Amino acid sequence: FEGNAEAGLDAAGGAQRLERTSVTSGRVGVRTSGSELTLLSVEAARAELACVALKGGRLTWKGGSARGAERGLELSEGAQAEVTDVTVSGSSGHGVEITGGRLLAAQARFEGNKDDGVHSEGAVLELTSCVFSKNRTGVGALGGSTLISGGTFEGNAEAGLDAAGGAQR
């Protein structure tokens with residue numbers, strides 16, 4: 001999917017699955033609302049607003065990357081995501097931005113994002129063996145709950161974890 005003006009994939013409801021696919025350019029690379037989205041070895045890059053954006057629904061993403069958008073991954077309206085072995089890098093804003101909902105990330109890398117590697121507001125974060133490198137802040141958590149297990153925080157400009165309210169472990 002390359003050179004689409006609005007989105008490479010734009011879906012509402014149902015179930016979508018992309019495997020070994022590249023999605024580049026557009027305002028949003030992959031956008032779903034209330035869908036079950038599975039991404040396997042998917043590379044999403046150079047979107048204007050977000051490489052992957054979910055409103056509600058569920059995402060399973062194994063292998064691949066999100067590079068060079070305002071946000072690599074945007075989760076809103078209670079969206080839930082499970083991300084494994086994915087790199088989110090080079091965003092001009094947050095690497096991941098989640099409002100409400102839940103993010104489970106394992107063996108993921110969040111690096112070189114201008115703002116937070118992961119930014120959450122009122123969300124549940126479970127981050128296992130992830131790397132947060134060269135962001136403004138590794139994880140910015142406002143409310144909600146945050147569990148970090150076995151992570152590495154290195155070279156972030158302001159802080160590894162910046163948390164206000166909620167519960168952190």
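Since the structure is predicted, the reported quantities are computational estimates derived from the model, not experimental observations.
Rounding to the nearest 0.5 Å gives a distance of 11.0 Å between OG of Ser91 and CG of Asp116. Between the CZ atom of Arg17 and the OG1 atom of Thr38 there is a distance of 6.0 Å, given to the nearest 0.5 Å. Distance check, rounded to the nearest 0.5 Å: CZ of Arg109 to OG of Ser65 gives 12.5 Å. Here the straight-line distance linking atom NZ of Lys134 with atom OG of Ser89 works out to 12.0 Å at 0.5 Å rounding.
Shortest non-hydrogen contact noted between Gln16 and Gly13 is NE2-O, 3.1 Å. The two residues Leu75 and Leu73 have their closest heavy-atom pair at CD2-CD1, 3.9 Å. Between Ala141 and Thr146, the shortest heavy-atom contact is CB-OG1, 3.5 Å. Contact detail for Gly8 and Phe1: the closest heavy-atom pair is O-CD2, 3.3 Å. In this structure, Ser35 and Ala12 approach most closely via the heavy-atom pair OG-C, 3.7 Å. Closest approach of Leu39 to Val42, counting heavy atoms only: CB-CG2, 3.8 Å.
Inter-residue side-chain proximity for Asn156 and Thr137 is flagged as unmet; no heavy-atom pair is nearer than 4.5 Å. With contacts defined as side-chain heavy-atom distances shorter than 4.5 Å, the pair Val139/Phe153 qualifies. Residues Thr84 and Gln107 form a side-chain contact, since some pair of their non-hydrogen atoms from C-beta on lies under 4.5 Å apart. Counting heavy atoms from C-beta outward, Val23 and Glu43 have side chains that stay 4.5 Å or more apart.
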Would you tabulate the side-chain donor-acceptor contacts of residues 47-62 under 3.5 Å, counting partners in other chains and residues two or more places apart, or write 'none'?
residue : atom : partner : partner atom : Å
Glu48   : OE2  : Arg27   : NH1          : 3.3
Arg58   : NH1  : Gln80   : OE1          : 3.4
Trp61   : NE1  : Gly63   : O            : 3.1

Do any side-chain atoms of residues 120-129 form donor-acceptor pairs under 3.5 angstrom with protein atoms, and if so which ones, sequence neighbours left out?
residue : atom : partner : partner atom : Å
Glu121  : OE2  : His119  : NE2          : 3.1
Glu126  : OE2  : Arg102  : NH2          : 2.3

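Under the 4.5 Å side-chain contact rule for hydrophobic residues, Leu37 and Val88 share a cluster.
Between the side chain of Asp162 and the backbone N or O of Gly140 there is no donor-acceptor pair closer than 3.5 Å. When atom types are taken as modelled, the side chain of His94 and the backbone of Asp115 share no donor-acceptor pair closer than 3.5 angstrom.
Scored by the side-chain hydrogen bond (donor to acceptor under 3.5 Å, both in side chains) test, Glu158 finds no partners at all (sequence neighbours excluded).
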